[in-house]
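Working notes, structure below.
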There are 2 protein chains.
Amino acid sequence: MLKLSKLTDYAAVVMAQIARHPEHPHAAPELADAVMLPHPTVSKTLKMLVRAGLLTSLRGSQGGYRLARPASQITASDIIAAIEGPVAMTECSHADGDCELVGNCGVADNWQRVSLAVRTLLDGVTLAHLAQSAPIKLPVQLPIQSVTLAASAEG
Amino acid sequence: MLKLSKLTDYAAVVMAQIARHPEHPHAAPELADAVMLPHPTVSKTLKMLVRAGLLTSLRGSQGGYRLARPASQITASDIIAAIEGPVAMTECSHADGDCELVGNCGVADNWQRVSLAVRTLLDGVTLAHLAQSAPIKLPVQLPIQSVTLAASAEG
DNA sequence: CGCATACAGGACTAAAATGGTCCCCAATGA
DNA sequence: TCATTGGGGACCATTTTAGTCCTGTATGCG
């Protein structure tokens with residue numbers, strides 16, 4: 001499936017909700033009601049987003065959560081990384097290769113490239129895009145493909 | 001993490017192994033030894049790949065597994081789908097939207113577009129690419145980003 | 001025919017990740 | 001001082017994942 005976890009999905013929804021009204025802080029229960037998700041779970045998600053530096057929090061009455069920076073500077077990668085850790089498609093996609101199969105698998109290097117391409121793609125999608133009601137249009141799909149294929153076809 | 005499951009990873013490794021010697025059939029134990037993974041697990045993976053139509057099998061002595069079509073016509077998406085089901089980043093990324101939050105989440109449409117872009121990217125990576133010892137080069141990363149951003153910045 | 005080889009299918013178990021809840025503490029502001 | 005609101009983490013139930021094993025079936029060969 002290559003699926004995001006539910007919490008990541010929640011995080012995106014909640015972030016989008018905040019992004020639509022960035023001025024004042026949003027309390028956790030308010031957000032939970034707005035997106036129709038269980039309060040404790042939303043709260044948990046918010047805490048993770050704060051720790052990742054995507055949100056800032058204000059305690060006390062009239063407190064709540066706000067975006068740490070403009071929505072256009074928060075990417076899908078950021079949100080995913082906040083909940084699930086850095087985007088990496090395989091164990092050996094991140095630096096500390098604790099995969100003892102290197103040498104036998106002969107696929108690691110290429111998976112890492114694919115992983116990088118996916119990450120780059122997700123870096124290009126910002127919270128501003130996700131939050132806008134009009135769907136983002138991906139007018140051309142093939143260029144992505146051709147970029148990926150370009151050099152490999154020669155190799 | 002947006003990570004592939006281990007089985008998917010195994011599948012890719014095993015497929016690559018077969019792709020490097022496409023002529024004769026490969027028995028499950030032989031493959032397991034070659035890639036240094038437990039026999040039963042490799043066997044299970046192979047069965048899934050057969051059911052997905054990516055491999056064909058021959059029973060009896062001298063039997064084993066072969067690619068169902070040329071490595072250049074088997075994509076990363078195919079392999080992932082064979083083990084994990086169709087690539088989709090969120091529940092609502094596939095057609096039968098059993099997500100009752102539509103309307104509140106306001107993110108679904110855009111996630112679907114992102115999902116599609118990732119899938120397209122993975123469609124562009126073939127087993128031939130993965131199997132080759134020389135790493136595939138992704139010379140330009142930014143174009144992927146700019147394609148994604150292009151229309152959305154206008155929207 | 002009989003037997004060894006090799007895949008097919010699925011049941012089953014153990015371990016890990018996930019999703020979700022709850023509790024107590026700390027900070028803020030009226 | 002007290003109500004409000006987030007911070008941190010423990011905790012549990014469920015699901016998913018990984019891995020094993022067993023029984024059946026097809027093929028090829030002597």
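Atoms considered below: every heavy atom in the structure, side chains included; atoms not considered: hydrogens, waters and symmetry mates. Here is how names work: the chains are called A, B, and so on, in the same order as the sequence lines, proteins then strands, and each is numbered from 1.
Contact annotation for Lys6(A): backbone-only contact, meaning every heavy-atom pair under 4.0 Å involves sugar-phosphate atoms and none involves a base. Backbone-only contact: His26(B) has heavy atoms under 4.0 Å from sugar-phosphate atoms and none from a base. Note on Leu46(B): nothing from the nucleic acid sits closer than 4.0 angstrom, heavy atoms only.
Within the structure, every side-chain polar atom (N or O) of Tyr10(A) is placed at least 4.0 Å from both OP1 and OP2 of dG19(C). Regarding contacts with the backbone of dA6(C), every side-chain N or O of Ser57(B) stays at 4.0 angstrom or more from both OP1 and OP2.
The nearest whole Å value for the distance from the NE2 atom in His39(A) to the C1' atom in dG19(C) is 17 Å. Rounding to whole angstrom units, NZ of residue Lys44(A) and P of dG19(C) are separated by 9 Å. Rounded to an integer number of Å, the gap from CG of Leu58(A) to P of dG29(C) is 8 Å. Distance CZ (Arg59(B)) to C1' (dA6(C)): 9 Å, rounded to an integer number of Å. If you measure from atom CZ of Arg66(B) to atom C1' of dC7(C), you get 15 Å, rounded to the nearest angstrom. Summarising the geometry, the separation between CE on Met48(A) and P on dA17(C) is reported as 15 Å, rounded to the nearest angstrom. In this structure, Leu31(B) atom CG and dA6(C) atom P are separated by 12 Å, rounded to whole Å. Rounded to an integer number of Å, the gap from NZ of Lys47(A) to P of dC22(C) is 13 Å.
Side-chain proximity of Tyr65(B) to the nucleotides dG19(C), dC7(C), dT21(C) is greatest for dC7(C).
Positionally, the nearest nucleotide of DNA chain C for Leu4(A) lies more toward the 5' end than for the other of Leu4(A) and Ser61(A).
For Asp9(B) and Thr90(A), the side-chain atoms include no donor-acceptor pair closer than 3.5 Å.
The shortest side-chain heavy-atom distance between Leu7(A) and Glu84(A) does not fall under the 4.5 Å cut-off. Here the side chains of Lys6(A) and Thr41(A) are not in contact, with every heavy-atom distance at 4.5 Å or above. At a threshold of 4.5 Å between non-hydrogen side-chain atoms, the residues His26(B) and His24(B) count as touching. By the 4.5 Å heavy-atom criterion applied to side chains, His129(B) and Thr126(B) are counted as neighbours.
Within a 6.0 Å sphere centred on CD of Gln62(A), heavy atoms belonging to other residues, nucleotides or ligands number 12 at most.
Tyr65(B) OH to Leu58(B) CG: the interatomic distance, rounded to the nearest 0.5 Å, is 10.0 Å.
The span of DNA chain D lying next to chain B, judged by atoms under 4.0 Å from heavy atoms, is bounded 5' to 3' by dA18(D) to dG28(D).
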